[in-house]
J.: 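Right, I'll just put the structure down here and ask away after.
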Amino acid sequence: MASKIVQVNGATSGHDPNIQSQISTALLQNGGVKRIQQTLQQRLDEEGWSQSLQEYIVRLFRSGEATTYDDALGKVMQHIRGSAGEPDLQIPQSAKQGGAEAVRRELEKVCVMVDK
């Protein structure tokens, strides 16, 4: 089977859209996507990130700093990127690590399924 060569940031790599589709389908069918989402949400909640986000959004609307969804989204994204000061809404490292670990575990399960 021939691989499609894709350039990413000037580098080439083998990429087979069919394999990507099979992995995505397997993750959806076996509940892997849901488990990854749950793990990430749990880590964000444990760090207080979800609560901080909710409080910040409420403040934006109550103060009039945001009057539309797009206003609030723009301000939130600036804080997530770390370019807007307080509150610090950057994704906590523990949440990133937990999410990455969940993805690894789920991909290992999928690889076992694909190998069979």
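What you see is a predicted model, and the numbers here were worked out from it, not measured in a lab.
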J.: To the closest 0.5 Å, what do you measure between CD (Gln29) and OG (Ser24)?
T.: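 The OG atom of Ser24 is 11.0 Å from CD of Gln29, to the nearest 0.5 Å.
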
J.: Look at the side chain of Thr39 and the backbone N and O of Ala102, then say whether any donor-acceptor pair between them is shorter than 3.5 Å.
T.: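 No, because the side chain of Thr39 does not come within donor-acceptor range (under 3.5 Å) of the backbone of Ala102.
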
J.: Which heavy-atom pair separates Gln41 from Ser50 by the least distance, and what is that distance?
T.: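 Heavy-atom minimum between the residues: NE2-OG, 2.9 Å.
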
J.: Where is the tightest heavy-atom contact between Tyr69 and Phe61, given as atom of each residue plus distance?
T.: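 Looking at all heavy atoms of both residues, the shortest contact is N-CZ, 4.4 Å.
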
J.: Are Trp49 and Leu60 linked, directly or through intermediate hydrophobic residues, by side-chain heavy-atom contacts shorter than 4.5 Å (ILVMFWY only)?
T.: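 Cluster IDs for Leu60 and Trp49 match.
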
J.: Side-chain donor-acceptor pair under 3.5 Å between Glu101 and Gln97, yes or no?
T.: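 There is no such pair (donor and acceptor under 3.5 Å, judged by atom type) between the side chains of Glu101 and Gln97.
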
J.: Which pair of heavy atoms, one from Ala72 and one from Ala66, lies closest together, and at what distance?
T.: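 Shortest heavy-atom separation between Ala72 and Ala66 comes out as N-CB, 3.7 Å.
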
J.: Are any non-hydrogen side-chain atoms of Leu107 and Leu27 less than 4.5 angstrom apart?
T.: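 Yes - at least one pair of side-chain heavy atoms lies under 4.5 Å apart.
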
J.: State, to 0.1 Å, how close Val110 and Ala26 come at their nearest heavy-atom pair, and which atoms those are.
T.: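 Result for this residue pair: CG1-CB, 3.8 Å.
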
J.: Side chains of Lys109 and Arg35, heavy atoms from C-beta outward: is any pair under 4.5 Å?
T.: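 Result yes, sub-4.5 Å side-chain heavy-atom pair found.
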
J.: About how many Å separate CE of Met77 and OG of Ser83, when rounded to the nearest 0.5 Å?
T.: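 Answer for the OG-CE pair, Ser83 versus Met77, is 9.5 Å.
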
J.: Which atom pairs, donor and acceptor, lie under 3.5 Å between side-chain atoms of residues 86-96 and protein residues at least two apart or in another chain?
T.:
{"from": "Asp88", "atom 1": "OD1", "to": "Gln90", "atom 2": "N", "distance (Å)": "3.0"}
{"from": "Ser94", "atom 1": "OG", "to": "Glu47", "atom 2": "OE2", "distance (Å)": "2.8"}

J.: Name all residues meeting the salt bridge (Lys or Arg N to Asp or Glu O under 4.0 Å) criterion together with Arg59; count only those two or more places apart in sequence or in a different chain, and write none if there are none.
T.: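 So Arg59 forms no salt bridge (Lys or Arg N to Asp or Glu O under 4.0 Å) with any residue.
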
J.: Same cluster or not: Leu40 versus Leu28, using hydrophobic residues (I, L, V, M, F, W, Y) connected whenever any side-chain heavy atoms lie under 4.5 Å apart?
T.: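 No.
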
J.: Are any of the side-chain heavy atoms of Ile57 and Lys75 separated by less than 4.5 Å?
T.: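 Result no, sub-4.5 Å side-chain heavy-atom pair not found.
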
J.: Does a donor on one side chain sit under 3.5 Å from an acceptor on the other, for Gln38 and Gln42?
T.: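 No pair is found: no donor N or O on one side chain lies under 3.5 Å from an acceptor on the other.
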
